[in-house]
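Below is one structure, written out as structure tokens; the observations come after it.
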Amino acid sequence: MNLVVLACAIGLLGAVGAKPSGHGAWQERFITDSQGRALILYGLNTSSSSKYSADGMPWIKQADVAAEYNTLGTDFVRYLIQWSDVEPEPGVYDDHYLAEVRQRIGWYQAQGYQVLLDMHQDVYGAAVGGNGAPGWATDSGGLAATVQSPWEMTYVQPGVTHAYDEFWGTRTDHPEYQQQYVAAWTHVASYFARNNTVLGYDLMNEPWGGSVQGPAFETGPLAHLYQNAIDAIRTVDPNHWIFVEPEAATTNYGLPSALPKLDDPRTATPGAEARIGYAPHLYPAPIDSGGTYSGTDQYLTDRTLASWQTQVQRTAARMDAPVLMGEWGLDATQDGAHLYVDHIQTLLDTMMIGSAYWSSDPGSWSPWKAPGKPSDIADVLATAYPRAIAGQPVDFSYDKSTLELTMDWNDKAGVTGSTDVYLPPGDFPDGGDVQLNGDYKAKWDASRHILSLTVKATPGVTHHLVITPT
Ligand code: IDC
């Protein structure tokens, strides 16, 4: 049985009874900045290389971050960290490692980015052929954990299942590993609590239930861990966003999640909104395995995209959480790759959500052939998008054939600042012409390629914006 079949089987079991809700109903929540503006984040994952490097650092140098901005116009990074690097020995935190992370966050700050810290794991930890958990928190029970190809198949090795079962408390009643994980997150959050470049924390990359799967996992041990981590993080950091992921083996393919609503203790403060986000990944099966976007593969992929949208909207509505697509990507050298990127960007715009592309690591999936050398896909990834919207977004889209960006939004009480749109130099070499109802002031930053619009409130009237190349 391959993992896709496994995922389908779990997905059928996992069909939860939440009603699909309409566009407006679920997407009332956005990730917001300190001025209350809705943020549409767009960036890369950086990086897979840090899973295996001796110091846990990604491949990037400071110049690579500047090159990323100049080439792609991104404003966001999903930055990988690892439990094994944070806590190499039980209860011993490596603050030198965190200082190195902070230095790299500074590189992103210099380019105006927001940083999401992703506690990455694949296949539990290095001791069982993956990455993430430290060896001291890995109990394979002495069972086989042999690395498989494709790598995802390693998840169903018995030693890997055993390690997860010990972590989730399925086999025994030893909650220590989880408690240590929550304590490690609390340490990281207290370290970065006052860092304004940090957007927030992605509590666990692609959680996997081991022996307990589907809704039993997501509503049971996974929700339990998340709520404990949220409660603990809020004792040291009341403000940053906290993102949770569903079980990936189902949801990556557009199948349902059973993740329940989680509570944010910050709402105990009058007027404070919950800052819990939902951060699923998207890897249609043909794309996940490095296939093309053509023929039957394209048909299957398109079916997955439609299903992904429905399921993510259901889960987000149930959780009352804004959505951020934490990973998507493909082997960009395959047939139809450019079209796939276009279609994902259209999906993101339709759903009005941000994303992080997998990944920045130079190679066939990346916008970089080699550090500083853009690949063909870089041009396609560089797209026009609203970075911040000073109000409640209604819709937006970018038509790559007419080079027309359109956007509608309503005023929202308490929101201040400008609405900022990134216009890529390839499509808008001389900036953009603005059509907008009502009074506004436009400012064009030619070096950053950002058009900022300060718009006067128009009570009861929706702002309607069209931007075309000058
Ligand atoms: C992949 C890397 C690959 C590595 C593997 C295992 O590209 O080089 O061998 O991880 O560590 C995910 C994971 C992400 C994967 C990515 C692509 O979150 O870590 O990176 N992917 O396979 N989920 C679905 C796809």
Side-chain angles (χ1 to χ4, degrees), residues 2-4 6-7 10-11 43-53 56 58-60 77-85 116-133 138 145-157 160 163-164 202-209 222 243-255 257 278-291 293 301 304-305 308 312 324-334 337 340-341 344 355-368 375 377:
N2 71 25
L3 209 63
V4 176
L6 180 73
I10 296 163
L44 305 177
N45 279 273
T46 295
S47 70
S48 199
S49 65
S50 63
K51 297 172 187 171
Y52 314 110
S53 64
W59 64 275
I60 50 156
V77 60
R78 181 169 177 264
Y79 185 97
L80 277 71
I81 59 173
Q82 266 190 91
W83 183 18
S84 59
D85 292 316
L116 174 64
L117 294 174
D118 154 44
M119 195 71 87
H120 208 86
Q121 68 86 34
D122 299 303
V123 193
Y124 197 77
V128 287
N131 56 80
T138 308
T146 310
V147 174
Q148 307 289 306
S149 180
W151 66 268
E152 286 105 323
M153 293 302 293
T154 316
Y155 269 110
V156 288
Q157 285 283 298
V160 175
Y164 278 107
D202 186 339
L203 293 183
M204 183 183 284
N205 182 64
E206 301 204 335
W208 170 251
L222 185 61
F243 289 87
V244 293
E245 302 190 26
E247 182 163 50
T250 43
T251 51
N252 284 9
Y253 301 124
L255 295 164
S257 166
Y278 180 53
H281 298 174
L282 170 56
Y283 288 101
I287 300 289
D288 195 20
S289 55
Y293 186 59
T301 296
T304 301
L305 301 191
W308 193 90
V312 166
L324 179 62
M325 188 194 278
E327 285 185 27
W328 65 285
L330 82 167
D331 180 345
T333 63
Q334 295 283 0
Y340 180 70
V341 172
I344 298 294
S355 76
Y357 180 84
W358 186 271
S359 69
S360 74
D361 299 80
S364 61
W365 284 52
S366 172
W368 305 114
S375 62
I377 208 73

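Heads up: numbering here begins at 1 and tracks the sequence. Just so we're clear, the structure is a prediction, and the values are computed from it rather than from any experiment. One-based numbering, in listed order, for ligands and for the atoms of each.
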Please could you name the atoms of ligand 1 that Asn131 approaches to less than 4.0 Å, counting only its heavy atoms?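 Those of ligand 1 that fall under 4.0 Å from Asn131 are 11 (O).
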Report, in ascending order of atom number, the atoms of ligand 1 lying under 4.0 Å from any heavy atom of Asp122.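 Taking each heavy atom of Asp122 in turn, ligand 1 has 6 (C), 10 (O), 11 (O), 13 (C), 14 (C), 18 (O), 19 (O) under 4.0 Å.
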If we only count N/O pairs under 3.5 Å, is [X] in contact with ligand 1?
| X | value |
| --- | --- |
| Trp365 | no |
| Asn205 | yes |
| Glu327 | yes |

Whether Asn45 side chain and Tyr357 backbone form a donor-acceptor pair below 3.5 Å: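 Judged by distance alone, yes, a pair lies under 3.5 Å.
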Examine distances only and state if a side-chain atom of Asp85 and a backbone atom of Gly56 form a donor-acceptor pair shorter than 3.5 Å.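 Flag not set: sc Asp85 to bb Gly56 has no pair under 3.5 Å.
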Does a donor on one side chain and an acceptor on the other come within less than 3.5 Å for Ser360 and Trp59?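 There is such a pair (donor and acceptor under 3.5 Å, judged by atom type) between the side chains of Ser360 and Trp59.
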Do you see a donor-acceptor pair shorter than 3.5 Å between the side chains of Gln157 and Tyr124?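 Checked: Gln157/Tyr124 side chains show no N/O donor-acceptor pair below 3.5 Å.
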Considering only heavy atoms from C-beta outward, does the side chain of [X] approach that of [Y] to under 4.5 Å?
| X | Y | result |
| --- | --- | --- |
| Pro58 | Tyr79 | yes |
| Thr154 | Val128 | no |
| Asp288 | Tyr253 | yes |

Side chain, backbone, both or neither: the part of Asp288 lying under 4.0 Å from ligand 1 by heavy atom: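 Contact part for Asp288 vs ligand 1: side chain (C-beta onward).
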Among protein heavy atoms, which sits nearest to [atom], and what does the distance come to when rounded to 0.1 Å?
| atom | answer |
| --- | --- |
| atom 22 (O) of ligand 1 | Trp151 NE1, 3.1 Å |
| atom 1 (C) of ligand 1 | Lys51 NZ, 3.4 Å |
| atom 8 (O) of ligand 1 | Ser48 OG, 4.1 Å |
| atom 24 (C) of ligand 1 | Tyr283 CE1, 3.1 Å |
| atom 20 (O) of ligand 1 | Trp358 CZ2, 3.1 Å |

Hey, what's the ring geometry for Tyr283 with Trp365, parallel, tilted or perpendicular (30° and 60° as the breaks)?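 Geometry flag for Trp365 against Tyr283: tilted rings.
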Non-hydrogen atom of Tyr52 closer than 4.0 Å to ligand 1: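 In this structure, Tyr52 qualifies as a contact of ligand 1 - some heavy atom is under 4.0 Å.
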